[in-house]
Amino acid sequence: MTIELGPFPDAPGYEQAVEKDASDPLASFRQRFLHTDPDLIYLDGNSLGRLPVPTMAHLEDLVFRQWGDRLIRGWNEGWWDLQIRLGDLLAPLIGASPGEVLISDSTSVNLYKLAWAAVKARPDRDRIVTDDLNFPTDVYVLDGVARELGLGLEIVPSDAIHGPVEGLTAALDHHTALLALSHTVFKSGYTYEMAALSAKAKEVGAMTLWDLSHSAGSVPIDLHRAGVDLAVGCTYKYLNGGPGSPAFLYVRSGLQERLHSPITAWWGHEEPFAFDLDFRPTAGIRRFHTGTMPILSLAAVEPGLDLVAEAGVEAIRAKSIALTSYLIELWEEVLSPLGFGLGSPSDQDHRGSHVSLTHRDAWPISQALIKIGSVIPDFRVPDSIRFGLAPLYTRFVDVHTTVHRCRQIAESGAYSGFVDAPAVVT
Ligand SMILES: Cc1ncc(COP(=O)(O)O)c(C=O)c1O
């Protein structure tokens, strides 16, 4: 079946979508990203953000001038401190100060370093607490740290959509070394009240470690005000740093000298170029360094951070709420009668910038959307189609068109041909 591409001007709500776009204060940011296919509606910016236009010239300069011409001199001309300088650019976007954020490694590696450091600093405690909405890598890493250091990991169960706040609160006690959670959870988009839960952890003397991967750049975060000890997150989602771009870690300034990284590598040494054989951790956030930074992918992070800073997280959040609320409104009217369920919180204050819709045939429908509908969401087992509504480049008309393309595909049964087994990356 061929689906007619383009918007649905005759469908209810179209005029409203056009008006919302016309009065969107962030509308001009869309042109700051590359769009090679005018028909494509990209709703996966919560997995991999779009390419910012300035990134292309930035990388060209890096490759041809800096690497090609400056060669090894580049290390003393900005590369050596790049991860610190970019960390300082990210800091105000998450309510941290310069010197508290380091861009480095992957989220998994950073989580390992910080969870290990936190637990080591609390030898009198024997439990790490998390929930079953956390991203699997977080649970694997926390479990690994717990086993390695002889603690237990308590995974508090949820209803699969909302964070189990009561269960978590009940689980926190004087045995808890660390409370580690995703701020916005990957499947349902549930978003915790970070300050309230961090305060509960503090009451019992536990440290807090938040994974900000799905909230950095889309949900306002104030790590200082929330009293957070530690945080990690990736830069390839709403920060638009590119595929596999380095992640970040945050360590509250007052804690930095008390914590030690389990990876005692040369970039975290007091004097890396003294080349002595005794490890002496350097002061400050640099002690959480590992080895040589991937400068090509690190450099690509900067233009995305600049765009988020220019737009402002509060304005991004206002549009994000408007987009996700609009999608939920249309789901209720158009898609819920066709067997689609809501797999995300209906309360906007506890929702990030993605919305999951559930359906018995979610996998083939998501494939039909991509292959014949020119809409890219993603699929999460067992039955969720996840729509990432990145506010800097998603229009209200895109949401309207997506919902009506879903309707067309579901009503016509056009998805029935897309029953191949899920690809490796879904
Ligand atoms: C919340 C969360 N944490 C961690 C990760 C994975 O991090 P990495 O692959 O950078 O280690 C993801 C990936 O999507 C994620 O959504």
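Residue numbers run from 1 in the order of the sequence given. Any value given below was found using the heavy atoms of this structure, including those in side chains, with hydrogens, waters and symmetry copies removed.
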Would a 4.5 Å heavy-atom cut-off, applied to side chains only, mark [X] and [Y] as touching?
{"X": "K120", "Y": "R258", "result": "no"}
{"X": "L43", "Y": "I376", "result": "no"}
{"X": "V308", "Y": "L239", "result": "yes"}
{"X": "E100", "Y": "V251", "result": "no"}
{"X": "I370", "Y": "V375", "result": "no"}
{"X": "F8", "Y": "Q408", "result": "yes"}
{"X": "L209", "Y": "D229", "result": "no"}
{"X": "F418", "Y": "L369", "result": "no"}

Step through it carefully: locate the ring centre of Y190, locate the ring centre of H350, and say whether they are under 6.0 Å apart. yes
Can the ring centres of F340 and H359 be said to be less than 6.0 Å apart? yes
[atom1]/[X]: more than 12 non-hydrogen atoms of other groups inside 6.0 Å:
{"X": "D349", "atom1": "CG", "answer": "yes"}
{"X": "W80", "atom1": "CH2", "answer": "yes"}
{"X": "R225", "atom1": "CZ", "answer": "no"}
{"X": "E333", "atom1": "CD", "answer": "yes"}

If we ignore angles and hydrogens, is there a donor and acceptor under 3.5 Å between the side chains of [X] and [Y]?
{"X": "E148", "Y": "Y112", "answer": "yes"}
{"X": "S353", "Y": "S320", "answer": "yes"}
{"X": "H289", "Y": "R286", "answer": "no"}
{"X": "S104", "Y": "N110", "answer": "yes"}
{"X": "D105", "Y": "T290", "answer": "yes"}
{"X": "R351", "Y": "S346", "answer": "no"}
{"X": "R287", "Y": "T282", "answer": "no"}
{"X": "D361", "Y": "Y415", "answer": "yes"}
{"X": "N134", "Y": "T130", "answer": "yes"}
{"X": "S188", "Y": "S356", "answer": "no"}
{"X": "T184", "Y": "H214", "answer": "no"}
{"X": "T235", "Y": "S245", "answer": "yes"}

Report yes or no: does [X] contribute a side-chain atom to a donor-acceptor pair with the main-chain N or O of [Y] at less than 3.5 Å?
{"X": "S261", "Y": "T264", "result": "no"}
{"X": "D69", "Y": "F64", "result": "no"}
{"X": "T191", "Y": "G189", "result": "yes"}
{"X": "H400", "Y": "P12", "result": "yes"}
{"X": "D21", "Y": "F396", "result": "yes"}
{"X": "Q348", "Y": "S325", "result": "no"}
{"X": "T324", "Y": "I321", "result": "yes"}

Roughly how far, to the nearest 0.5 Å, is the [atom2] atom of [Y] from the [atom1] atom of [X]?
{"X": "R147", "Y": "L142", "atom1": "CZ", "atom2": "CG", "result": "12.0 Å"}
{"X": "L40", "Y": "H35", "atom1": "CG", "atom2": "NE2", "result": "10.0 Å"}
{"X": "L26", "Y": "R32", "atom1": "CG", "atom2": "CZ", "result": "11.0 Å"}
{"X": "I94", "Y": "H224", "atom1": "CD1", "atom2": "NE2", "result": "9.0 Å"}
{"X": "D39", "Y": "S374", "atom1": "CG", "atom2": "OG", "result": "5.5 Å"}
{"X": "S384", "Y": "L357", "atom1": "OG", "atom2": "CG", "result": "8.5 Å"}

Residues that S336 engages under side chain to side chain contact (heavy atoms under 4.5 Å, CB included), provided they are two or more places apart: W331
Holding to side-chain hydrogen bond (donor to acceptor under 3.5 Å, both in side chains), I want the full list of residues that pass it with E60, two or more places apart in sequence or in another chain. none
Which residues satisfy the side-chain hydrogen bond (donor to acceptor under 3.5 Å, both in side chains) test with D378, sequence neighbours excluded? S47, R386
Could I get the full list of salt bridge (charged side-chain N to carboxylate O under 4.0 Å, His left out) partners for E15, not counting sequence neighbours? none
Those residues at least two apart in sequence (or on a different chain) that pass salt bridge (charged side-chain N to carboxylate O under 4.0 Å, His left out) with R360 are none
Which of these, F279, F273, W75, W79, sits in a ring-ring contact (aromatic ring centres under 6.0 Å, His included) with W267? W75
Give the C-alpha distance, both sets of side-chain angles, the deciding distance and a yes or no for side-chain contact (heavy atoms from CB on, under 4.5 Å) between K113 and I263. CA-CA 7 Å; K113 290 188 289 190; I263 306 174; 4.1 Å; yes
Run the side-chain contact (heavy atoms from CB on, under 4.5 Å) check on V355 and I328 step by step: do they pass? CA-CA 8 Å; V355 171; I328 291 174; 4.2 Å; yes
Between D398 and R395, is a salt bridge (Lys or Arg N to Asp or Glu O under 4.0 Å) present by the stated rule, with each step listed? CA-CA 5 Å; D398 296 333; R395 297 168 302 192; 2.8 Å; yes
Is there a salt bridge (Lys or Arg N to Asp or Glu O under 4.0 Å) between R65 and D61? Walk through the geometry before answering. CA-CA 5 Å; R65 188 183 64 78; D61 177 71; 2.7 Å; yes
Under the side-chain contact (heavy atoms from CB on, under 4.5 Å) rule, what do S158 and D131 come out as? Steps first, then yes or no, please. CA-CA 7 Å; S158 70; D131 68 8; 5.7 Å; no
Using a 6.0 Å distance limit plus a 45 degree cone around the ring axis, check whether K20 lies over the aromatic ring of Y326. yes
Verify side-chain contact (heavy atoms from CB on, under 4.5 Å) between D44 and L48, making sure each step is shown before the conclusion. CA-CA 6 Å; D44 214 358; L48 173 64; over 6 Å; no
In terms of relative ring orientation, are F275 and W266 parallel, tilted or perpendicular, with 30° and 60° separating the classes? parallel
Residues passing the ring pair (Phe, Tyr, Trp, His ring centres under 6.0 Å) test with Y393, sequence neighbours excluded, are F33
If you apply the rule salt bridge (Lys or Arg N to Asp or Glu O under 4.0 Å), what do you find for E77 with R73, and how did you get there? CA-CA 6 Å; E77 294 173 0; R73 291 169 288 191; 5.2 Å; no
